[in-house]
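Quick note: numbers below take in every heavy atom, side chains included, and nothing from hydrogens, waters or symmetry partners. Everything numeric here is computed off the predicted structure, so don't read it as measured data.
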Amino acid sequence: MRRARSWRLVLCGLLAFVLQGCAAAPVPREHGVPLTPAESEATWLGQWARLSASAHPGKSGFALLSSGQDAFSLRVLLSEQADRRLDIQTYLMGDGQTTRMLLRRLLSAAERGVEVRLLIDDMGAVGQGRELAALDSHPHIQVRVYNPLGVGRGTLIGRVLASAPQAARQQRRMHNKLWIADDSLAIVGGRNLGDEYYSASEPRNFTDLDLLALGPVVEPLSHSFHLYWNHGLAQPVGRYHRVGGDAWRELQASLAEWFVTHADSPYFADLRQRYADVEQGALVGRLHWGEGIALWDAPGKPAWRGRPALERTMAGELLKQAGEPSERLTVVSAYFVPGEAGTQLLQRLAEAGVEVEVFTNSLEATDVPVVHGAYQPRRHALLDSGVALYEMRTEREPDDDVGFGVGSSASALHIKALGIDRDRIFVGSANADPRSVWWNTEVGVLVTSPGLAAELQALAEIGKSPALSYRVEQDEHGRLNWLTAHQGEAVSFEREPGGFWRHLGAMLGRIAWLEPLL
């Protein structure tokens, strides 16, 4: 009996160690409000945005950011040019040279009086609590974590164990990505904070896409940020990680020391050369002007019980606002799980004469094979109805120079975008899968602009190149083939490319009850 009690004490001690964390500390939580129009317009960025829009009254300006280097450099530029405020919303923040550089710039902005607010999903903050708390200790910086747990914050294993009693809520994440400067310019899209999103990782990067916006559409995007920032699910990181009031100084010194030894890294050296080239042109190219509708999920969605009605979700509102295409639909999604209803919708459109194309990751390229497995059984029905399927390869041709925002020879698709007919596009954080529709919160912008739609279509055409992707087709016997190119020669595979463990992981995704959760 005494030995059993001893073992129970040991197990309790181990569990407490794994789930180590502190109870919420009494840290003040202030309500945030957007800048007034006068405050925003008085900033340098506000004046630039107003001048740029002067010839396009009532319209918003947009630019696609397909290059990882450009997307990173623009965030640095906005950090340097902001006068009043930087609002950043992200699903996760990885450690790396781009993140450290951005943190350094954010601290510099705060030092000159810019108010910096960072909202990060709590799962994406696992293991980084003290660094985020140190950032938060600066008088001009606030960091909040979304849907937080008070224990198990040090490791992913601890977080998973701590999440078990609230699994229904904790598997739902804030997946939004926003970067807003002085309530004048906004970046929305698929990129989190991390080297792989900015073509700075070796040997593997994400091919991703952002949308830069200015003009009237920025106001509702800022409104969406404040809805999340002020929601009860957003809590100051200082309630879970206690640091000294000057912890930010140590972080700043550490980042400065790091930069001294990494300023001439190949990535930063390449950026300096890239933008020193006069032929490169402006960081932001020609703006496309049109109507923009900002869309987002309700911030309380992670706490809702059960699966919400479609009309309560951003996906439902997108379907309502966009309407059905009459000519063409291009779906670009890193994770594509159409389910029965989505498959039937795409079939119906294709059979009605709409040109439907889907561009997603191949099994060998995806970072989540189980999700790919849920898509696999739908391919035959989609192909039968005339839907075109393209799957991005993990390796591009060594001598290929078509470019698709890829910084290394290995890549995976991370874009979330729609092309609707020849005049509308949607760019945001949502994938075409049940998780984005029902469980996560997402944000994006629906734009009406023929010029921008043509630019997205041109990017899709590059991505569909045999040098970058497989075209999935089926023969007269219904067997799938993967058509691509190798060293300039056409190649066809009868077995889906990908290693043993990837095929095994995909098999799990074909378990029927898992599909609605992926």
Side-chain angles (χ1 to χ4, degrees), residues 27-36 39-40 42-46 71-95 98-122 124-125 128-146 174 176-188 191-194 218 221-231 234-239 241 243-256 259:
V27 175
R29 182 178 180 275
E30 299 177 352
H31 188 82
V33 295
L35 297 176
T36 66
E39 289 173 330
S40 177
T43 66
W44 187 89
L45 290 174
F72 168 72
S73 299
L74 184 57
R75 285 166 168 84
V76 171
L77 180 63
L78 292 180
S79 300
E80 293 175 341
Q81 296 298 329
D83 292 328
R84 293 292 300 268
R85 181 179 289 169
L86 286 166
D87 288 333
I88 302 164
Q89 187 176 12
T90 186
Y91 170 59
L92 62 82
M93 185 180 78
D95 188 23
T98 56
T99 301
R100 294 185 181 193
M101 174 61 81
L102 287 171
L103 291 180
R104 187 165 179 261
R105 298 295 187 181
L106 294 181
L107 281 165
S108 296
E111 279 292 86
R112 65 174 191 271
V114 176
E115 180 186 5
V116 178
R117 299 184 296 185
L118 172 62
L119 179 59
I120 181 171
D121 185 82
D122 195 50
Q128 301 182 81
R130 290 192 63 81
E131 183 179 41
L132 290 171
L135 192 66
D136 180 71
S137 70
H138 192 286
H140 292 140
I141 299 179
Q142 296 181 67
V143 179
R144 293 183 183 178
V145 286
Y146 210 81
M174 183 196 76
N176 310 42
K177 292 100 174 174
L178 266 178
W179 190 290
I180 305 175
D182 286 338
D183 280 359
S184 300
L185 281 84
I187 300 174
V188 62
R191 290 185 174 96
N192 292 294
L193 302 182
V218 176
L221 287 173
S222 177
H223 178 62
S224 82
F225 176 87
H226 284 87
L227 288 176
Y228 281 84
W229 182 258
N230 293 322
H231 197 275
Q235 294 294 320
V237 71
R239 293 186 174 180
H241 302 275
V243 296
D246 286 339
W248 66 271
R249 296 186 185 277
E250 183 179 343
L251 175 62
Q252 186 180 51
S254 173
L255 291 171
F259 183 70

Parallel, tilted or perpendicular: rings of His140 and His138 (30°, 60°): tilted
Donor-acceptor pair, side chain of Thr90 and main chain of Asn192, under 3.5 angstrom: no
Spacing of CH2 belonging to Trp229 relative to OG belonging to Ser222, to within rounding of 0.5 Å: 12.5 Å
Check: Pro34 and Phe225 side chains under 4.5 Å, non-hydrogen atoms: no
Enclosure of Glu111 CD (heavy-atom neighbours >12, cutoff 6.0 Å): yes
pair Phe72-Leu102: side-chain heavy atoms closer than 4.5 Å: yes
Pairwise side-chain contact, Leu78 with Ile187, heavy-atom cut-off 4.5 Å (strictly under): yes
Pairwise distance CG(Leu77) to OG(Ser79) - rounded to 0.5 angstrom: 8.5 Å
Exercise: identify the closest heavy-atom pair between Ser224 and Leu178: OG-CD1, 3.6 Å
Exercise: identify the closest heavy-atom pair between Ala134 and Trp248: O-CB, 3.2 Å
Gln252 side chain vs Leu107 backbone, donor-acceptor pair below 3.5 Å: no
Validation row: Leu106, Ile88 side chains within 4.5 angstrom (heavy atoms): yes
Donor-acceptor contact present, side-chain Asp122 to main-chain Tyr146, <3.5 Å: no
Straight-line distance of His226 NE2 to Ile180 CD1, nearest 0.5 Å: 8.0 Å
Polar side-chain atom of Arg75 near backbone of Ala71 as donor-acceptor pair, under 3.5 Å: yes
Any side-chain donor near an acceptor of the partner, Glu131 and His241, under 3.5 Å: no
Heavy-atom closest pair, residues Gly194 and Thr98: C-OG1, 3.6 Å
Shortest non-hydrogen contact from Leu221 toward Ala186: CD1-CB, 3.8 Å
Close side-chain approach of Leu119 and Tyr228, heavy atoms under 4.5 Å: yes
Backbone of His31 reached by a side-chain donor or acceptor of Asn230 within 3.5 Å: no
Any donor-acceptor pair under 3.5 Å from Ser40 side chain to Asp182 backbone: yes
Min side-chain heavy-atom separation Asp136-Pro236 under 4.5 Å: no
Any donor-acceptor pair under 3.5 Å from Ser108 side chain to Arg104 backbone: yes
Evaluation steps, side chain to side chain contact (heavy atoms under 4.5 Å, CB included), between Val145 and Ile120: CA-CA 5 Å; Val145 286; Ile120 181 171; 4.0 Å; yes
Arg112 side chain vs Glu80 backbone, donor-acceptor pair below 3.5 Å: yes
Residue pair Arg29 / Arg144, side-chain heavy-atom distance below 4.5 Å: yes
Side-chain heavy atoms of Leu193 within contact of Leu103, under 4.5 Å: no
Heavy-atom donor-acceptor pair, Asp83 side chain to Trp44 backbone, under 3.5 Å: yes
Over all atoms of both residues, closest heavy-atom pair of Asp183 and Asp87: OD1-OD2, 4.2 Å
Where Ser184 and Thr43 come nearest, the two heavy atoms and their spacing: OG-OG1, 3.9 Å
